[in-house]
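Presented below is the structure to which this report refers.
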Amino acid sequence: MMAVPFSHTLVERLAQARRVAVLTGAGISAESGIPTFRDPGGLWQKFRPEELANVSAFLRNPELVQGWYRHRRLVALEKAPNAGHDALVALEKLVLDFTLVTQNVDDLHNRAGSKNVLELHGNITHNYCINCERAATDEALVPLAEGTAMRCHDCGGLLRPDVVWFGEMLPEGAMEKAERAAQRADVFLSIGTSAVVYPAAGLPLTAKKWGAYVAEINVEASAIASYVDEVILGKAGAVLPKLVEAVERVRV
Ligand code: OAD
């Protein structure tokens with residue numbers, strides 16, 4: 001039989017778990033063709049966050065910031081969930097109480113069919129008016145001319161993506177729910193995240209402190225790898241389907 005990169009302990013713990021919480025980062029969408037932030041070739045290697053991902057940059061140069069997010073939104077919409085996203089949908093069906101906390105804004109967990117998803121950093125496919133706060137229509141998300149800002153069709157206010165920028169609060173209640181899920185989890189999986197952006201990166205550590213078995217799945221050790229119970233080196237799209245299949249086999 002081919003060796004699997006995870007322990008039997010993890011399979012057993014997942015098979016017996018009543019509560020499972022998962023944190024995902026950009027790495028789970030890498031195999032869908034969406035660039036990560038900090039890998040070579042990642043977004044923060046090419047762009048400076050302070051020029052694009054904060055409210056003052058947006059107000060200074062709305063066309064530039066809107067254009068960058070519009071491009072990322074269109075990329076996300078043309079890509080599809082991969083085997084890693086699908087495996088988490090299958091895992092959710094096996095577990096009584098399952099929470100998927102994601103730092104990703106690409107909407108791929110929802111499109112894959114995951115149900116209990118907490119989007120800590122928002123969702124790039126949603127846009128709203130900073131003036132009247134109405135959701136933007138698809139027609140409004142097309143610039144009228146090169147170099148002009150996209151504006152609300154109702155009130156003329158500037159449109160912005162529904163994502164969390166540096167210096168902004170997380171969506172109301174999301175972090176509290178994520179914290180509770182981490183505290184209550186029997187098993188916690190941290191997948192495809194460099195685990196350097198807080199408060200999200202603190203969730204696996206909270207889970208560990210409260211007694212969960214914590215495993216990381218990443219192509220390389222993350223910033224919190226030395227604190228977790230098990231580090232599984234591999235691509236999420238390859239490891240997760242095997243892991244979920246193994247859990248299904250133990251449960252029958
Ligand atoms: P990063 O780009 O910081 O980290 C991506 C992680 O995925 C790295 O640890 C890679 O080793 C790993 N990785 C790459 N390909 C993988 C694969 N196929 N399978 C498994 N792992 C893989 O992205 P995040 O940790 O998500 O915030 O970044 C966190 C936050 O920083 C983002 O949500 C964003 C950014 O600034 C905001 O926009 C608010």
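If you read the sequence from its start, that first residue is 1, and numbering goes on from there. Here the structure is a predicted model, which is why all the values come from computation and not from measurement. We use all heavy atoms of the structure for the numbers below, so side chains are in, but hydrogens, waters and symmetry mates are not. For ligands, and for the atoms within them, numbers begin at 1 and follow the listed sequence.
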Taking every heavy atom of Phe37 against every heavy atom of Ala26, the minimum-distance pair comes out as CD1-CB, 4.0 Å
Is NZ or CZ of Arg160 both nearer than 6.0 Å to the six-membered ring centre of Trp165 and within 45° of the ring axis?
->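 Yes, a cation-pi geometry.
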Looking at Trp68, does the NZ or CZ of Arg72 lie under 6.0 angstrom from its six-membered ring centre and within 45 degrees of the ring axis?
-> yes
Non-hydrogen side-chain atoms of Asp186 and Gln16 separated by less than 4.5 Å =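 A side-chain contact is absent here, since even the closest heavy-atom pair is not under 4.5 Å.
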Validation row: Leu118, Thr99 side chains within 4.5 angstrom (heavy atoms) = yes
Can you pull the residues with any heavy atom under 4.0 Å from ligand 1?
->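 Only Gly25, Ala26, Gly27, Ala30, Glu31, Thr36, Phe37, Arg38, Asp39, Trp44, Gln103, His121, Val164, Phe166, Gly192, Thr193, Ser194, Val197, Asn218, Val219, Glu220, Gly234, Lys235, Ala236 have heavy atoms that fall under 4.0 Å of ligand 1, ordered by chain and number.
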Pair Lys208 + Asp229: basic N to acidic O under 4.0 Å =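 The answer is yes: the pair qualifies as a salt bridge.
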